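I have placed the structure first, in the form of structure tokens, so that the comments after it can refer back to it.
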Amino acid sequence: MADTQTLHAGFAAKIDAVLNALELEGALPKDTSRSGVTVEPPRDPSHGDLATNAAMVLAKQAKTNPRVLAEKIVDHLGREPDIVEASIAGPGFINLRLADDAWLRELRAIAALGADYGRSQLGEGTTVNIEYVSANPTGPMHMGHCRGAVVGDALAGLLEFVGHKVTREYYVNDAGGQVDVLARSAHLRYREALGEEIGAIPEGLYPGDYLKPVGEALAQEYGDAYAAAPEAEWLALFRKRAVAAMMDMIRADLALLGIEHAVFASEAELQAAGKPEDAEAWLRQHDFVYDGVLEAPKGKAPPEDWEPVELPLFRSTRFGDDQDRPIRKSNGGWTYFGADLAYHMQKAEKADALIDIWGADHAGTVKRIKAAVAALSEGQGAAIPFDVKLVQMVNLLRDGEPVKMSKRSGTFVTLAEVVEEVGKDVVRFTMLTRKPEAQMEFDFTKVVEASRDNPVFYLQYAHARICSTMRKAGDVAPAADHLDRLSADELALVREAAQFPRVVEGAAKAREPHRIAFFLGDLAAAFHSFWNAGNDDPAKRIIREDDPELTGARLFVAAQVAQVIRNGLGILGVEAVEEM
RNA sequence: GCGCCCGUAGCUCAGUAGGAUAGAGCAUCGGAUUCCUAAUCCGGGGGCCACAGGUUCGAAUCCUGUCGGGCGCACCA
């Protein structure tokens, strides 16, 4: 296919060409900045198919008033065969009405490109590393992890769709004190498996039953060899085994959501490989790390045991942080930040851009890690694009009442339970119908039973309806032979579907997968509305037994709507069902 | 005290890198089912876009401040 440019991109290019022509004519100064120029459908469809603000944005540079400039632009655009009308409105908007033929070409393009419709080379093949989930390997996934998991995965899918090479990565925090606690908890379950009466799980250990199988497996394999042994003899082994078991569990949980990471980066291995030392050396060399005394915490209650100690500090204040951050503890071990810093340096070696998806409870550490990557950029003399996206908390409700979550008592709501109750598609889609930086509520009751309240069914229903119509049509297949028979109703549907490529592009640039979800809702609504017109007026039904030509053309439109829905849902990782 | 996020219809949320008369679902009221799937559609009512200033041709959107909600503020992870 020679011309894979989508309709919207094509017209944006045409307007750009007009502006070039105006520069040659002298109507515009050379090298005008066109950064603010947009070409998009107007909010009010009665204004036309496309609108551009070019005249308003460029008027100042051209030292003229917007309407005068608009007239010159319109004069050029009027010569384009695909533009049947170009008019000036309001303060200087230029509204364009396109020839039906332009839309029909786009409709054929959807059919020709199929699953690739909406794909672009926006990403230019650059690599993006997305780190998401990265839950501590101390238990199963719970609902708190769910949103970041889905948002990260959908973003990964979106960026792949626009031509990035994406690495889905999970950072396994298997080096901190919490995994020692995990190992001790597993040891207790191991003794239990050997027949010992362990009683209540002591405060400070993980109480969940999910550690029982780990203890049993260890008992099976090692008998009572470590039952009475001192901790030093078994801690490392138990830690390794328990973490491995937890990661298997987490992988299984993620699989329930259709999520699969390509890379699991181990903090312990990172440390064993001496990466933090390398990072520290490099940072000291570039004067980003120095030995200094940490300020006392500024919070309301300074710790009683606070005493000033000299530690290696990273100069995060140079990049906007409130204070410099220690990379090592006074015992010589690495702080979480110290290891994370080295981890990000490692990631930056392998990717052109980095994205982290974090829970809002880590908001306080964003500045320091951004500072770390900024320092790396500065030291290397090349900027590393780095984005930390914070995903806000999800409040779980049932019948409007908050669901109690207590990690300590082990009564948290697991992801597996939720997926089992409401289904993968509902979980994913619900998480994607809110912008991630706003808090959200997730009400089991609403999300399962009141399907009207649940946009995913609405969307899947639209797709299923189209599939059903195809089945019903029997011998009559979608055909592009008589598209000239289509009327304004079908063209309106085509216009809506044709927005897909620019919605995808906008969502990718803004890194906001939820825009896809909302677009699909609009498209489904347009289809349902179209469908129901056939209820009131049989002449408007897709299947017209007396008119196979028209039926074929309408089926063709419907098929492309379904295609776009499939493509959109595919990005979001939600299934497009054929029957409901 | 400080930092980050949020504040849009009764409720849950959109609002397309500043655009034209601020939208959708739920709820509410009124309609459509001898018909390709009514899990749908059509229509009505419902708004000081938290508040106050500012930036400009133009602000829900950007800036400052105030108020309100959430998260965080160890050498933890």
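Everything numeric in this text was worked out from a predicted model, so none of it was measured.
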**Prompt:** With a non-hydrogen cut-off below 4.0 angstrom, is A:Thr38 in contact with a base, only sugar-phosphate, or nothing?
**Reply:** nothing
**Item:** A:Phe457 CZ to B:A24 P, straight-line distance once rounded to whole Å
**Value:** 24 Å
**Request:** Would you mind classifying the nucleic acid contact of A:Glu579 as base, sugar-phosphate or nothing, using non-hydrogen atoms under 4.0 angstrom?
**Result:** base
**Message:** Considering every strand and a 4.0 Å limit on heavy-atom distances, what is the contact class for A:Gln439: base, sugar-phosphate, or nothing?
**Reply:** base
**Message:** Within the 4.0 Å heavy-atom criterion, would you say A:Pro91 contacts the bases, only the backbone, or no part of the nucleic acid?
**Reply:** base
**Request:** May I ask you to say what A:Ser529 touches in the nucleic acid, namely base, sugar-phosphate or nothing, with a heavy-atom cut-off under 4.0 Å?
**Result:** sugar-phosphate
**Prompt:** P atom, B:C62 versus B:G15: distance in rounded Å?
**Reply:** 12 Å
**Asked** NA contact type, A:Pro42, heavy-atom cut-off 4.0 Å: base, sugar-phosphate, or nothing?
**Response** base
**Message:** Under a 3.5 Å cut-off for both contacts, is B:G47 paired Watson-Crick or G-U wobble with anything, and if yes, with which nucleotide?
**Reply:** none
**Message:** Would you measure the distance from the P atom in B:C5 across to the matching atom in B:C63 and give it in whole Å?
**Reply:** 10 Å
**Message:** Is the terminal nitrogen or CZ of A:Arg315 (NZ for Lys, CZ for Arg) located under 6.0 angstrom from the six-membered ring centre of A:Phe288 and within 45° of that ring's axis?
**Reply:** no
**Request:** Identify whether any heavy atom of A:Met440 sits under 4.0 Å from a base atom; if not, whether one sits that close to sugar-phosphate; answer base, sugar-phosphate or nothing.
**Result:** sugar-phosphate
**Prompt:** Just checking A:Gly506: base, sugar-phosphate only, or nothing, at a heavy-atom cut-off of under 4.0 Å?
**Reply:** nothing
**Item:** Base of B:A20 paired with side chain of A:Asn53 (donor-acceptor, under 3.5 Å)
**Value:** no
**Item:** Side-chain donor/acceptor contact of A:Ser330 with base of B:C75 under 3.5 Å
**Value:** yes
**Message:** When you measure only distances, ignoring hydrogens and angles, does the side chain of A:Arg502 come within 3.5 Å of the base of B:U16 through a donor and an acceptor?
**Reply:** yes
**Message:** Counting neighbours of CD on A:Glu269 that are heavy atoms of other residues, nucleotides or ligands and sit closer than 6.0 Å, is the number greater than 12?
**Reply:** no
**Prompt:** Under a 4.0 Å N-O cut-off, is there an ion pair linking A:Arg67 with A:Glu71?
**Reply:** no
**Prompt:** Side-chain N or O of A:His514 less than 4.0 angstrom from OP1 or OP2 on B:G15?
**Reply:** yes
